[in-house]
Colleague: 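Would you mind keeping the following structure in view while I ask a few things?
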Amino acid sequence: MGRYFSRPCCKRAFSDINTSKMVVSIGFEGSANKLGIGIIRDGIVLANPRRTFITPPGEGFKPVDTANHHQLNIVLLLKEALDEAKIDPQEIDVVCYTKGPGLGSPLVSVAVFARTVSQLWGKPIIGVNHCIGHIEMARLITGAQNPIVLYVSGGNTQIIAYSQKRYRIFGETVDIAVGNCLDRFARLLKLSNHPSPGHNIEQLAKNGKIYVPLPYVVKGMDMSFSGVLTYIEEFATTLQEYTVEDLCFSLQETVFAMLVETTERAMAHCGAQEVLICGGVGCNIRLQEMMSEMCKERGAKVFATDERFCIDNGAMIAHAGAEMFRVGVLTSWEDTFCTQRYRTDEVEVKWRNDI
């Protein structure tokens, strides 16, 4: 392991770094139960290994246990990423890590490791907003230019549009995220957490035959998912004449319809002709189908990625960090902390010049 953690012969001053050349960045992601390390060279993914903390059926993941998982796996994951990318640490220009939002203990456990690597390798460090990482990676992979962004995951649900150096939030959940709604229902059903609760709900929903009417809560541009979860939980305990497959189907159809409606309203307001779906729930094929139907009616396009880049990963942090690095954005050592609350619209998007 010596070459991965040896000190460099010299340490460049951050002001001496040439940000116009091809940038090689490494990103550390660990805001929830996914631990990822990605390496990117000038927009090309060289490595993107990931480990997932899996708990028994019916259980969620506790922050302390998740942090322990990350700590136990991160050294070997770093070796795997460097070996897969076939580069040495001295070739890396910048170290990037998830600053937030996310779970406190996992965030800190990975940030401490990233700061250690930055010091050992003598590299500048950048704290990246997790949500921005998802957006920029999805834009890179799909080629979407200026879309309305539907960002859906276990911890976030936001409808976003870019304007004047900010990703503006047009609408969001007023309580729990849509991914959290699906995950909690999966836990109630004692579904496996491998590969993810939401994925297993998606598979069951494909065999649903009967639609169960559920609360549909859209408040202007915002949505609420806690009520529909409470309502469907009552059906799950009795089932009545419905099957588990029927309930999974009904839950998906209802919450995804809410997302499509509010996304379409944002498109109409902005005059947008593109939708970009990102975040872990963005892998769901049914959500992509419903969004595609809406876009087809409007003569618009929908963009989405697969599980390699929808689900939390290190490459998205590396790429967003590289974009920041190109325009001279660095994080001072005093500011390399983590924050569980770090909104998408807090970040000045200096690297975009289109609008």
Side-chain angles (χ1 to χ4, degrees), residues 134 138 141-142 144 147-160 171-173 176-189 191-218 223-229 231-233 235-236 242-267 274-298 300-312:
H134 272 296
I141 297 298
T142 64
I148 295 295
V149 177
L150 175 63
Y151 170 40
V152 279
S153 68
N156 299 275
T157 301
Q158 297 176 345
I159 296 163
I160 301 162
E172 59 190 321
T173 176
I176 62 174
V178 63
N180 186 245
C181 175
L182 296 171
D183 289 350
R184 287 169 62 177
F185 187 58
R187 290 202 292 270
L188 181 71
L189 298 176
L191 301 184
S192 171
N193 286 319
H194 178 77
S196 71
H199 172 81
N200 294 323
I201 280 188
E202 179 183 3
Q203 303 315 307
L204 287 171
K206 293 176 181 178
N207 297 315
K209 304 298 183 184
I210 302 174
Y211 175 77
V212 181
L214 299 173
Y216 185 96
V217 188
V218 173
M223 301 140 283
S224 171
F225 300 105
S226 60
V228 64
L229 176 63
Y231 189 87
I232 199 170
E233 283 176 342
F235 280 95
Y242 306 112
T243 66
V244 168
E245 289 81 1
D246 291 335
L247 296 183
C248 290
F249 165 73
S250 303
L251 181 60
Q252 276 199 168
E253 293 296 302
T254 302
V255 298
F256 290 169
M258 293 158 61
L259 296 173
V260 172
E261 177 191 337
T262 45
T263 300
E264 182 176 21
R265 193 175 295 122
M267 292 178 71
E274 294 178 334
V275 172
L276 177 62
I277 307 174
C278 63
V281 181
C283 299
N284 190 292
I285 299 302
R286 180 56 184 154
L287 173 59
Q288 295 178 16
E289 290 174 349
M290 293 174 69
M291 194 67 72
S292 295
E293 280 297 310
M294 181 272 288
C295 286
K296 183 179 178 181
E297 293 176 1
R298 299 183 63 87
K301 296 180 180 179
V302 62
F303 298 88
T305 66
D306 59 27
E307 66 278 358
R308 292 173 300 167
F309 303 110
C310 263
I311 298 172
D312 292 351

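Predicted model only: the values in this text are computed from it and were never measured.
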Colleague: Atom OG1 in Thr254, atom CD in Gln252: separation rounded to 0.5 Å?
Modeller: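 Rounded to the nearest 0.5 Å, the OG1-CD separation comes to 10.0 Å.
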Colleague: Between atom CD of Glu264 and atom CD1 of Ile148, what is the distance when rounded to the nearest 0.5 Å?
Modeller: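 Glu264 CD to Ile148 CD1: 11.5 Å, rounded to 0.5 Å.
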Colleague: Out of Thr243, Val244, Asp246, which residue meets the side chain to side chain contact (heavy atoms under 4.5 Å, CB included) rule with Leu204?
Modeller: Val244
Colleague: List the atom of Phe225, the atom of Ile176, and the distance in Å for their closest heavy-atom pair.
Modeller: CD1-O, 3.3 Å
Colleague: With rounding to the nearest 0.5 angstrom, report the CG to OG1 distance, Asn180 to Thr173.
Modeller: 9.0 Å
Colleague: Strictly distance-based, threshold 3.5 Å: is any side-chain N or O of Glu202 a donor or acceptor partner for the main-chain N or O of Ile285?
Modeller: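 Side chain of Glu202 to backbone of Ile285, a donor-acceptor pair under 3.5 Å: yes, one is there.
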Colleague: Residues two or more places apart in sequence or in another chain: which of them pass salt bridge (charged side-chain N to carboxylate O under 4.0 Å, His left out) with Glu293?
Modeller: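 Once residues adjacent in sequence are excluded, Glu293 has no partner under the salt bridge (charged side-chain N to carboxylate O under 4.0 Å, His left out) criterion.
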Colleague: Determine, step by step, whether Phe303 and Cys278 satisfy the side-chain contact (heavy atoms from CB on, under 4.5 Å) criterion, reporting the C-alpha distance in whole Å, the side-chain angles of both residues, the deciding distance to 0.1 Å, and the verdict.
Modeller: CA-CA 9 Å; Phe303 298 88; Cys278 63; over 6 Å; no
Colleague: Considering non-hydrogen atoms only, spot the tightest contact between Ala177 and Thr157 and give its length.
Modeller: CA-OG1, 3.4 Å
Colleague: If you apply the rule side-chain contact (heavy atoms from CB on, under 4.5 Å), what do you find for Gln288 with Val302, and how did you get there?
Modeller: CA-CA 8 Å; Gln288 295 178 16; Val302 62; 6.0 Å; no
Colleague: Testing the basics here: between Ser192 and Asn200, what is the closest heavy-atom pair and its distance to 0.1 Å?
Modeller: O-ND2, 2.6 Å
Colleague: Taking only residues two or more places apart in sequence or in another chain, which ones pass ring pair (Phe, Tyr, Trp, His ring centres under 6.0 Å) with Tyr151?
Modeller: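 Partners of Tyr151 by the ring pair (Phe, Tyr, Trp, His ring centres under 6.0 Å) criterion, ordered by chain and then number, come out as His134.
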Colleague: Sequence neighbours excluded, which residues qualify as salt bridge (charged side-chain N to carboxylate O under 4.0 Å, His left out) partners of Glu253?
Modeller: Arg286
Colleague: Just verifying a value: how many Å separate Ile232 CD1 and Arg184 CZ, rounded to the nearest 0.5 Å?
Modeller: 13.0 Å
Colleague: Distance check, rounded to the nearest 0.5 Å: Ser250 atom OG versus Tyr242 atom OH?
Modeller: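 Between Ser250 OG and Tyr242 OH, I get 8.0 Å after rounding to 0.5 Å.
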Colleague: Under the side chain to side chain contact (heavy atoms under 4.5 Å, CB included) test against Leu247, which residue among Leu214, Val212, Leu188 passes?
Modeller: Val212
Colleague: How far does CD of Glu261 sit from CD1 of Ile159, to the nearest 0.5 angstrom?
Modeller: 9.0 Å
Colleague: Shortest non-hydrogen contact from Phe249 to Ile210?
Modeller: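 Heavy atoms only, the tightest pair is CD2-O, 3.8 Å.
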Colleague: What verdict does the side-chain contact (heavy atoms from CB on, under 4.5 Å) test give for Glu307 and His199, after you've listed the backbone C-alpha separation in whole Å, the side-chain angles of each residue and the deciding distance to 0.1 Å?
Modeller: CA-CA 10 Å; Glu307 66 278 358; His199 172 81; over 6 Å; no
Colleague: Should we count CZ of Arg298 as having more than 12 external heavy atoms under 6.0 Å?
Modeller: yes
Colleague: Compare every heavy atom of Gly282 with every heavy atom of Cys310, then report the nearest pair and how far apart it is.
Modeller: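 The answer is SG-C, 3.6 Å.
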Colleague: Begin from the C-alpha positions of Arg265 and Val218 and carry the test side-chain contact (heavy atoms from CB on, under 4.5 Å) through to its verdict.
Modeller: CA-CA 12 Å; Arg265 193 175 295 122; Val218 173; 4.1 Å; yes
Colleague: What closest approach, in Å, do Phe185 and Leu251 show between heavy atoms, and which atom pair accounts for it?
Modeller: CD2-CD2, 3.7 Å
